[in-house]
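Have a look at the structure below, then the notes.
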Amino acid sequence: MAEKVTPRDVDYSKWYTDVVLQAKLADYAPVKGAMVIRPNGYAIWEAIQANLDKMFKDSGHVNAYFPLLIPESFMHKEAEHVEGFSPECAVVTIGGGQELEEPLYIRPTSETVIWSMYKKWIMSYRDLPILINQWANVLRWEMRTRLFLRTSEFLWQEGHTAHASYEEAEEETVKILNIYKTFAEDFLAIPVIAGKKSESEKFAGAMHTYCIEAMMQDKKGLQAGTSHNLGQNFAKAFEVQFQDKQGELNHVWATSWGVSTRLIGALIMAHSDDRGLVLPPKLAQRPVVIVPIWRGDDEKKKVLEFADQVHSELKQKYNVIFDDREQYKPGFKFSDWELQGIPLRIEIGPKDVAKEQLVLVRRDNLQKQFINRQELLVKVDEALSDMQIDLLEKARQFRDDNTHVKDDYKEFQATLDQSGGFIKSHWCGSAECEARVKDDTKATIRCIPFDEPQEKGHCVVCGKESSQRVIFARAY
RNA sequence: CGGGGCGUAGCGCAGUCCGGUUAGCGCACCUGCCUUGGGAGCAGGGGGUCGGAGGUUCAAAUCCUCUCGCCCCGACCA
C-alpha cells in the first residue's frame, strides 16, 4: 500500500500495471498470460454485465450457454474462420487418460458450436429471428499479454443471432453497435467513434465488421467493442437453411457481437490518474466512503455518532464504505480509497460535527466541498452525477484535442511520431495503402466512421480519389 | 520465436564480480504504548528448501553445467 504508483509521464505501461495491481483489480496467475480478476475488478465486470445485460434484454435478446469444447472438424468448416483462429487455439487431445479420436478445441469464440445447434433449431422463417447472447470465457493463445487488455483467457459476452434476410441481420448489427456506443458513453464515460472496419481489420469469417473505437490517455486507440454481419458464411458452412413464406429454401443470415473484460482496461486507461483508479460512479458498486476523523475519546464518540447517522441515511440508497478502522490515520485512508477509485469521499471531523456539516471530495477533481448536513442526499446525488458527466466530457475534450486532420503524408507521419493521437485522412480504400501506412508508422485504420461527412479528397498515401476521411492511429 | 531484464521472507530489493560468522535491509504482518483534518512514532516479535537439479570445493546465495518460470520490447491479435 505504501508503494507509489509510477506517474504516467514517467512510464505509461508501468503506471497501468501499477494501478491494476495496487487497486487490487487483478493479479498475475500461475499460468503465463492468465490473470486472476480480484473482487475489486470483478465488481466492475459485474456492473458492466448488469447494465449491458439489461440493454440486451430490453432489445429482445435472451441468454443461453454453449459448451467450452468444440470438435476440431467444426473449426475447419468455415475457411476464413479457421485461418483466422487456428494459430491461437489451444486443443485438448487427451481425455480420461486416453488419446481422443477427435481433438477438441477450447473455444476462441463460439460461432461454430452455436451454428451447429442452429441447424437443429431452424426450419422455417417462423423460427427466426434467434437472438441469443452468452456470457462466457474464451481462450486465445496470445504471444504478448497485458492485464485486462489482452490475456489468454478472458471473459466476454458474445451475441449470435440468426435472421431471415440480409437487411434484418444488418439492422441487428447496427442496433448492437449503438447499444455498445450508448453503454460506453453513458456508463463507462468513454467517448467512442462508431464505424466500419477495413477489409484487413475485419473479423475472420465476417462480411463486414463494425466497431467502436476509443482513445486512451497515451493517445493510442483501443477497440472497445465489435459487431459483425456474418452474412451467410456460417449458415453455408453448417448447412443451416430455412423455408421462407414462399416456400423457398434459403440460407440463414447471421450476426455476432461482443465486448470483453478488455473494457475494464479501457476504463482504467481513459480516466485514472497518478493517484490510482478513477471509477465512473455508475460502475462503482461502492460509490461512497465515509472517513471519520477524531482526536481523543471524547471527539471519537461525537464524531462516530454523527458519522453513524450519516451512514444510516446514505446506505438506504448507496452501498457505502464506513471506514472506522483505528489503526490507520485519515491521510492513509484518503490515499487508500483514492487508489481504489471510490468516486466520492465524505470526511467527518469534530469541526464538521460542531457545524452540522460534512466534507465531500470527488475522486476525479479532488476538490473539497463543504455541505450542510441536511443537504446530504441531494449533494451526494449531485456530486456523483456531475462526476459521471464531467468524466465523459473531459475524455471527449482530450480525444478531440488529440485528433488531427492531415492531407500530406509527410505531415501525417510527423504528427504520428511527435504527438500521436487520431489522424483523420482520406484513404482510397486499397489494402496496399493501408499496409504501407502500417509498415511506415505502425498505425492502422481504426475505423471508417459513420458520422464523418462525405467530402471529396485524395488518399493521403497514393493520391487517388476518396470520398471520406478515416481514422488512423496506433492502437492496443 | 528474436532481443533485453530478473528469480534471495508476503512485496520491493542488497549481498553474487573476488566462495568463508547465525543471509541482511525497507515496506507489509503480529503484540503493546502513543496517535488520528493528507500515506505517523517508539519498543518488542514472527516469517527463508537463496527458482529447481546436478557438479567443483574443507566450505556455495556466490563458481560451472543443465533446467524451469516470470516481466519488458518486437513479429500476431479483441
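All chains are named by letter (A, B, ...) in the order of the sequence lines, taking the proteins before the strands, and each is independently numbered beginning at 1. Just so you know, these numbers come straight off a predicted model, no measurement behind them. For the numbers below, each heavy atom of this structure counts, side chains included, while hydrogens, waters and symmetry mates do not.
If you measure from atom CD of A/Q22 to atom P of B/A28, you get 13 Å, rounded to the nearest angstrom. If you measure from atom CZ of A/F332 to atom C1' of B/A40, you get 12 Å, rounded to the nearest angstrom. Here the C1' atom of nucleotide B/C11 and the CG atom of A/D27 are 11 Å apart, to the nearest Å. Rounded to an integer number of Å, the gap from A/L304 CG to B/G37 P is 15 Å. In this structure, OH of A/Y328 is placed 15 Å from P of B/G39, rounded to the nearest angstrom. Rounded to whole angstrom, the span from the CD atom of A/E299 across to the C1' atom of B/U35 amounts to 12 Å. Rounding to whole angstrom units, CG of residue A/D297 and C1' of B/U36 are separated by 12 Å.
The residues A/D352 and A/R373 are annotated as not salt-bridged, no charged nitrogen and carboxylate oxygen being separated by less than 4.0 angstrom. By the 4.0 Å N-to-carboxylate-O rule, A/D273 lies too far from A/R275 to be salt-bridged with it.
When Watson-Crick and G-U wobble pairs are counted only if both distances are under 3.5 Å, B/G7 pairs with B/C68.
The two residues A/A204 and A/E80 come nearest to each other via the heavy atoms CB-O, 3.4 Å.
Remark: A/K220 NZ is packed, more than 12 non-hydrogen atoms of other residues, nucleotides or ligands lying under 6.0 Å away. Atom CH2 of A/W141 has 12 or fewer neighbouring heavy atoms from other residues, nucleotides or ligands inside a 6.0 Å radius.
Put simply, the side chain of A/D336 and the base of B/G39 share no donor and acceptor less than 3.5 Å apart. Contact annotation: side chain of A/R345 to base of B/G38, donor-acceptor pair present below 3.5 Å.
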Protein-nucleotides 4-9 of chain B N/O pairs closer than 3.5 Å?
none

Output one line per pair: protein atom, nucleotide atom from nucleotides 68-78 of chain B, and distance, for all N/O pairs under 3.5 Å.
{"from": "B/C70", "atom 1": "OP1", "to": "A/K32", "atom 2": "N", "distance (Å)": "3.1"}
{"from": "B/C73", "atom 1": "OP2", "to": "A/R144", "atom 2": "NE", "distance (Å)": "3.4"}
{"from": "B/C73", "atom 1": "OP2", "to": "A/R144", "atom 2": "NH2", "distance (Å)": "2.6"}
{"from": "B/G74", "atom 1": "OP2", "to": "A/R144", "atom 2": "NH1", "distance (Å)": "2.8"}
{"from": "B/C77", "atom 1": "O2", "to": "A/R150", "atom 2": "NE", "distance (Å)": "2.1"}
{"from": "B/C77", "atom 1": "O2", "to": "A/R150", "atom 2": "NH1", "distance (Å)": "3.2"}
{"from": "B/C77", "atom 1": "O2", "to": "A/R150", "atom 2": "NH2", "distance (Å)": "2.2"}
{"from": "B/C77", "atom 1": "N3", "to": "A/R150", "atom 2": "NH1", "distance (Å)": "3.4"}
{"from": "B/C77", "atom 1": "N3", "to": "A/R150", "atom 2": "NH2", "distance (Å)": "3.0"}
{"from": "B/A78", "atom 1": "O3'", "to": "A/Q223", "atom 2": "NE2", "distance (Å)": "2.5"}
{"from": "B/A78", "atom 1": "O2'", "to": "A/R262", "atom 2": "NH1", "distance (Å)": "2.4"}
{"from": "B/A78", "atom 1": "O2'", "to": "A/R262", "atom 2": "NH2", "distance (Å)": "3.4"}
{"from": "B/A78", "atom 1": "N6", "to": "A/T151", "atom 2": "O", "distance (Å)": "2.6"}

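Residues passing the side chain to side chain donor-acceptor pair (under 3.5 Å) test with A/N133 are A/N63, A/Q157, sequence neighbours excluded. In terms of the side chain to side chain donor-acceptor pair (under 3.5 Å) criterion, A/Y12 has no residue partners (sequence neighbours excluded). Applying the side chain to side chain donor-acceptor pair (under 3.5 Å) test to A/E185 and every residue at least two apart in sequence or in another chain returns A/K181.
Screening residues 257-281 of chain A for ring pair (Phe, Tyr, Trp, His ring centres under 6.0 Å) gives A/F56-A/W257, A/H61-A/W257 as the qualifying pairs, with residues at least two apart or on separate chains.
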